[in-house]
Amino acid sequence: MKIEKAEVVVTSPDRNFVTLKITTSDGVTGLGDATLNGRELAVVAYLTEHVVPLLIGRDPHRVEDTWQFLYRGAYWRRGPVTMAAIAAVDMALWDIKGKVAGLPLYQLLGGASREGLLAYGHASGKELPELFDSVREHLDQGYRAIRIQSGVPGLRAIYGIASQAADAGGGAARYDHEPARRGALPVQEDWDTRAYLRHLPGVFEAVRNEFGPELPLLHDGHHRLTPIQAAKLGKDLEPYDLFWLEDCTPAENQEALRLVRRHTTTPLAIGEIFNTVWDFQDLIREQLIDYVRGAATHMGGITPLRKTIEYAAQYQIKSGFHGPTDISPVGMAAQVHLGLAIHNFGIQEYMQHGARTKEVFQQSYRWENGSLHPGDEPGLGVELDTDEAGRYPYERAYLPYNRLADGTVHDW
Ligand code: EZ4
Ligand code: CO
């Protein structure tokens, strides 16, 4: 069996997705997710111009060898564009292997370690009543763990607030929070760290008072704090027993986490923008985080994400794989299979795709009683309806960016 064809499919049902479809000489097809939010066409070019020609004629069973060849063979390593492209190949080859074996991917990864994956959704609101409604909606939908993002008085639009995103226009209506907006240029949001630090602990106090002590609550700081600010926030949130505080600092400076750790027992989750195992190496070895936020789509596929999480297991660090709407159903399926198989599963983010996306990508993973299960179809269990995909051509979309009141660009 050889790889006969590799096609890059771009579709924009509710948002842009990039999918690699590999076909073997035996007619088996495999899918991989290569979606890089706001930079989709860069990955399309990398795949089409540089990767696809290398795949034709290769043995699709050689997953590890193909990964090493694409990673080391390019000489210029890492980076989000390259790693999203390699991820798509890796996923597609695992998909093919599962289909040839007649087994769902989780069986190839060691079999199920649990019945299903606890998944969390995104509740948000400009003010408390809207936030409480959003939490109740999530509870009604069956969520048993919820991320809390709140507006901040004096700030017009900030990351994570669905209604503010909807006000800014551009396809945000369906989503709990879809940060990328279709349009010619990125939307500007605003930020004031001191206002945020003053406001947020009161929000968590109110949520705990309303919904009780048991519900696992999460929060995303989205890279906007300095180390000492992050330490203060972690400390201030301790009474509200967070499941995790995510991306409390921009993690390029990994030493910063040592300082945060010295001051707070609030669990930390990091890594949604990391590309490789090596980005996690120090954070895991020094036990500076509690949850690995990597995504199969952005870490170079199932193969390296599995290596990362196996390494993390030695330190009792668990998975909390990134699962926003910009991970396609193919990428989500990959993570749900991996999450079912590993011992050190923590939680899975699950925002849910829109109806059009579910038509384009027919999924066999299911969501029941707040848990995800990958289903038992061979491989990843996702099929791409290319006719349906063709109805939704690419639409330019950017992630927003941040400015402070004085006009300085800030981390978004
Ligand atoms: O901003 O997926 O935890 N989730 C997140 C996401 C990211 C987007 C970027 O593409 O931080 O909302
Ligand atoms: Co995040």
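Just follow the structure's listing: the first ligand is 1, and inside any ligand the first atom is 1. When reading the values below, keep in mind they use all heavy atoms of this one structure, side chains included, and skip hydrogens, waters and symmetry mates. In this chain, numbering begins with 1 at the start of the sequence shown.
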I want to know whether Tyr311 and Phe280 have ring centres closer than 6.0 Å.
no
At a 4.0 Å threshold, what atoms of ligand 1 neighbour a non-hydrogen atom of Asp220?
3 (O), 4 (N), 5 (C), 11 (O)
Here the pair of heavy atoms bringing Leu380 nearest to His337 is O-NE2, 3.1 Å
At a 4.0 Å threshold, what atoms of ligand 1 neighbour a non-hydrogen atom of Pro324?
2 (O)
Those atoms of ligand 1 less than 4.0 Å from some heavy atom in His322
2 (O), 3 (O), 4 (N), 5 (C), 6 (C), 7 (C)
Looking only at side-chain N and O atoms, does Asn16 offer a donor or acceptor that is under 3.5 Å from a partner on Tyr392?
no
Check the side chains of Asn37 and Arg15 for a donor-acceptor pair under 3.5 angstrom, ignoring hydrogens and angles.
yes
Kindly state whether the ring of Tyr71 and the ring of Trp278 have centres lying under 6.0 angstrom apart.
yes
Can you figure out which of His222, His223, Glu246 has its heavy atom closest to atom 3 (O) of ligand 1?
Glu246
Any N/O pair Tyr120/ligand 1 closer than 3.5 Å:
no
Apply side chain to side chain contact (heavy atoms under 4.5 Å, CB included) to Ile317 and Asp290, showing your working.
CA-CA 5 Å; Ile317 296 170; Asp290 300 280; 5.7 Å; no
Under 3.5 Å between some N or O of ligand 1 and some N or O of Arg293?
yes
Assess Asp247: does it contribute an N, O or S atom lying under 2.8 Å from the Co ion (ligand 2)?
no
So the angle subtended at the Co ion (ligand 2) by Glu272 atom OE1 and Asp220 atom OD2, rounded to 10 degrees, is 180°
Decide whether an N or O pair under 3.5 Å exists between His122 and ligand 1.
no
